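The model shown is predicted, which means the values in this text are computed figures rather than measured ones.
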Amino acid sequence: MLLAGCERPTPVPAPPTPQPPIVLADFAREQNPFGGSAHCEAQNGASLQCAREDNTLHLTYSQVGGGAYVLWWTDLRGADLSHQLLLAVRVRGAQGGERPHLYLNDQSGVRAFVDVARYFGITSDWQTIYVPLQDFQDAKGNKPDLAHIGEFGIAFEFEKQQGSLLVADVRTQATTLVARLTHDSAREKMLSDSVKLPDGFQVSVFADLHLPEITRIGFDPQGRFTFTRRTGQVYRLDGDQLELIASGFDELLGFAWRKDELFLASCHRVTRTRDENGDGFYEHATDLIGDLPCGGHQTNALAFGPDGALYISQGEFNNAPGALLRLNVDAPHSKPDVFATGLRNPYSFIFAPNGDIFASDNGPDDKDGPEELNWIVQGGDYGFPKYFGEPPPNSGTRAPLATFPQHAAAEGVVMYNGNQFPADYRGDVFVALFGQLFTSNIVGHKIVRVKLTKDGSQYHAAVSDFISGLDRPLDLVVGADGALYVDEFLTGVIYRISYGR
């Protein structure tokens, strides 16, 4: 019975009970911890030698390719992995670049696998590869019954290859933690010293992640640094803990948060994900759109607009123009509307405090034409595929707000509205120029500042260099601390740019 004036407290779900790791392969013994035996197999002319030495499995293979394959596997006798999150395999290659497939076969006959190269390249140094168990599936998309796993295997197949792989440990874990960040002061000083900034600004290495192909950076609703990799994973930094919080997407380029929901942009898809059991991993995924073009360019960035709709930047496909799309994510079976068109590859866009939209756009690879920063208006046409840069009079297309050298590859965009930089920087746009890929002329590889002024209904832009000495800057974001964070695509280094401290 409730007392008058009192409300029944909202029940708080109990946190998941911590689960110990499960060892799948123990190379100090003949049998795995489940009592199953190990097998070594080569088929159709391939060769495989399996040996244990110093508690390590050595797999030496050759003549693999086409229908010739090799496979090492161990019987797990119905192991229950249903309360685990990640498979952790500690490996190193004899040369580096080895391409193993990992298999989990359930007792009903589903032979599910993953390609390790989707997560991290094998090197000649020891490293632990973390693979979410939900990523395992067979060629038809069927997932294994994790409560009844019959076998774990390592295969080399399909492509022509030979080499040697060393495996020290195979186990599961029930947490999202994949690493603890450490600092190498000498390396961080070397990296910082290579970056050139205007007087008064400071650069430091926020995180040296050693994870290549970081495509998008930002902060979650709790202020924790979050990033995506092109290979399909979402990571989060919680203090010095690096956590893998979502995975299994092709060509993952963009994300947006809305409260406890994480929206992702990947090849063909815009997906809403949720962590429904509170374990930190966003295991529940629903495709909101599943048929977007994906080829030379694809779906890039996501952001929620002032109207509550999800905006989506979409690249061109087979010379059909790209667009900025708008989607009502709360309406069942909603289809995206075209907000603006005539774009080639708008990698990033932002909303200004007044609701205006600014987007980068990549110029052509094989012909002359500048990179662009556009002021996106509803119903606007920005010229692709007919025009690059300033369009001819009466063309019916909108001119770019600012242009950058051709082939500089305009990518990440952010508007500075923090309080740390001098007041003159407020409202300015920073654009990451990734750098040329198709010409020998060195352009880009820097961050430029675009100073915007508005005269009545028109914007005017003045472009100047802001940060130089970078390798391949791709994305950038302003943190709650007012600092500017910059992502190096190839190295996995995240720089923090501050003023006066």
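Side-chain contact annotation: T215 with E213, donor-acceptor N/O pair under 3.5 Å absent. With no hydrogens or angles considered, a side-chain donor-acceptor pair links D135 and S247 at under 3.5 Å. The closest side-chain donor-acceptor pair between S47 and Q63, if any, does not fall under 3.5 angstrom. Checking N32 against D75 by side-chain atom types alone, no donor-acceptor pair falls below 3.5 Å. Judged by distance alone, the side chains of T60 and Q49 never bring a donor and an acceptor atom under 3.5 Å apart. A donor-acceptor pair shorter than 3.5 Å cannot be found between the side chains of R274 and T286.
Between F255 and L262, the closest side-chain pair of non-hydrogen atoms falls below 4.5 Å. Side-chain contact between I357 and L324 is present, with at least one heavy-atom pair separated by less than 4.5 Å. Considering only heavy atoms from C-beta on, L165 comes within 4.5 Å of F156 through its side chain. Counting heavy atoms from C-beta on, the side chains of L476 and L484 come closer than 4.5 Å.
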Q: For ring-ring contact (aromatic ring centres under 6.0 Å, His included), just list the numbers for F225 and F206, CA-CA rounded to whole Å, side-chain angles, deciding distance to a tenth of an Å, and then say yes or no.
A: CA-CA 10 Å; F225 186 79; F206 172 71; 5.2 Å; yes

Q: Give the C-alpha distance, both sets of side-chain angles, the deciding distance and a yes or no for ring-ring contact (aromatic ring centres under 6.0 Å, His included) between F158 and H101.
A: CA-CA 10 Å; F158 305 140; H101 289 172; 5.7 Å; yes

Q | ring-ring contact (aromatic ring centres under 6.0 Å, His included) assessment of F113 paired with F136 | A | CA-CA 5 Å; F113 70 96; F136 282 85; 8.6 Å; no

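Taking the side-chain contact (heavy atoms from CB on, under 4.5 Å) definition, one finds that H268 meets it with C294, sequence neighbours left out. Among residues two or more places apart in sequence or in another chain, the salt bridge (Lys or Arg N to Asp or Glu O under 4.0 Å) test is passed with E251 by R230. Among residues two or more places apart in sequence or in another chain, the side chain to side chain donor-acceptor pair (under 3.5 Å) test is passed with R52 by E30. Residues meeting the side chain to side chain donor-acceptor pair (under 3.5 Å) test with E283, sequence neighbours left out: none. Taking the side-chain contact (heavy atoms from CB on, under 4.5 Å) definition, one finds that P221 meets it with W257, sequence neighbours left out. In terms of the side chain to side chain donor-acceptor pair (under 3.5 Å) criterion, Y282 has no residue partners (sequence neighbours excluded). In this view, D80 satisfies the salt bridge (Lys or Arg N to Asp or Glu O under 4.0 Å) rule with no residue, not counting sequence neighbours. Contacts of R269 classified as salt bridge (Lys or Arg N to Asp or Glu O under 4.0 Å), with partners at least two apart in sequence or in another chain: D287. The side chain to side chain donor-acceptor pair (under 3.5 Å) test applied to D106 returns S108, not counting sequence neighbours. Here H210 pairs with R187, D208 under the side-chain contact (heavy atoms from CB on, under 4.5 Å) rule; sequence neighbours left out. D238 is linked by a salt bridge (Lys or Arg N to Asp or Glu O under 4.0 Å) to R224, counting only residues two or more places apart in sequence or in another chain.
For the side chain to side chain contact (heavy atoms under 4.5 Å, CB included) with F152, the qualifying choice from Y103, F34, W72 is W72, the only one to do so. Between P212 and the options R229, R472, E488, a side chain to side chain contact (heavy atoms under 4.5 Å, CB included) holds for only R229.
A salt bridge does not link D125 with R92: every distance from a Lys NZ or Arg NE/NH1/NH2 to an Asp or Glu carboxylate oxygen is 4.0 Å or more. Checked for salt-bridge contact, K189 and D184 miss the test: no charged N lies under 4.0 Å from a carboxylate O. A salt bridge does not link E316 to R344: none of the charged side-chain nitrogens sits closer than 4.0 Å to a carboxylate oxygen.
Q173 contributes atom CD, which lies 8.0 Å from atom CG of L85 (distance to the nearest 0.5 angstrom). In this structure, OG in S348 is found 11.0 Å from CG in D361, a value given to the nearest 0.5 Å. Taking CG from D26 and OG1 from T74, the interatomic distance works out to 10.0 Å, rounded to the nearest 0.5 Å.
Aromatic rings from Y347 and H297 are positioned such that their centres are separated by 6.0 Å or more. Not less than 6.0 angstrom separates the ring centroid of F304 from the ring centroid of F351. Under the 6.0 Å cut-off for aromatic ring centres, Y130 and Y119 do not qualify, their centroids lying 6.0 Å or more apart. Note: Y311 and F339 meet the aromatic proximity criterion, with ring centroids under 6.0 Å apart.
Residue pairs meeting the salt bridge (charged side-chain N to carboxylate O under 4.0 Å, His left out) criterion with at least one member in residues 163-178, sequence neighbours excluded: D169-R171.
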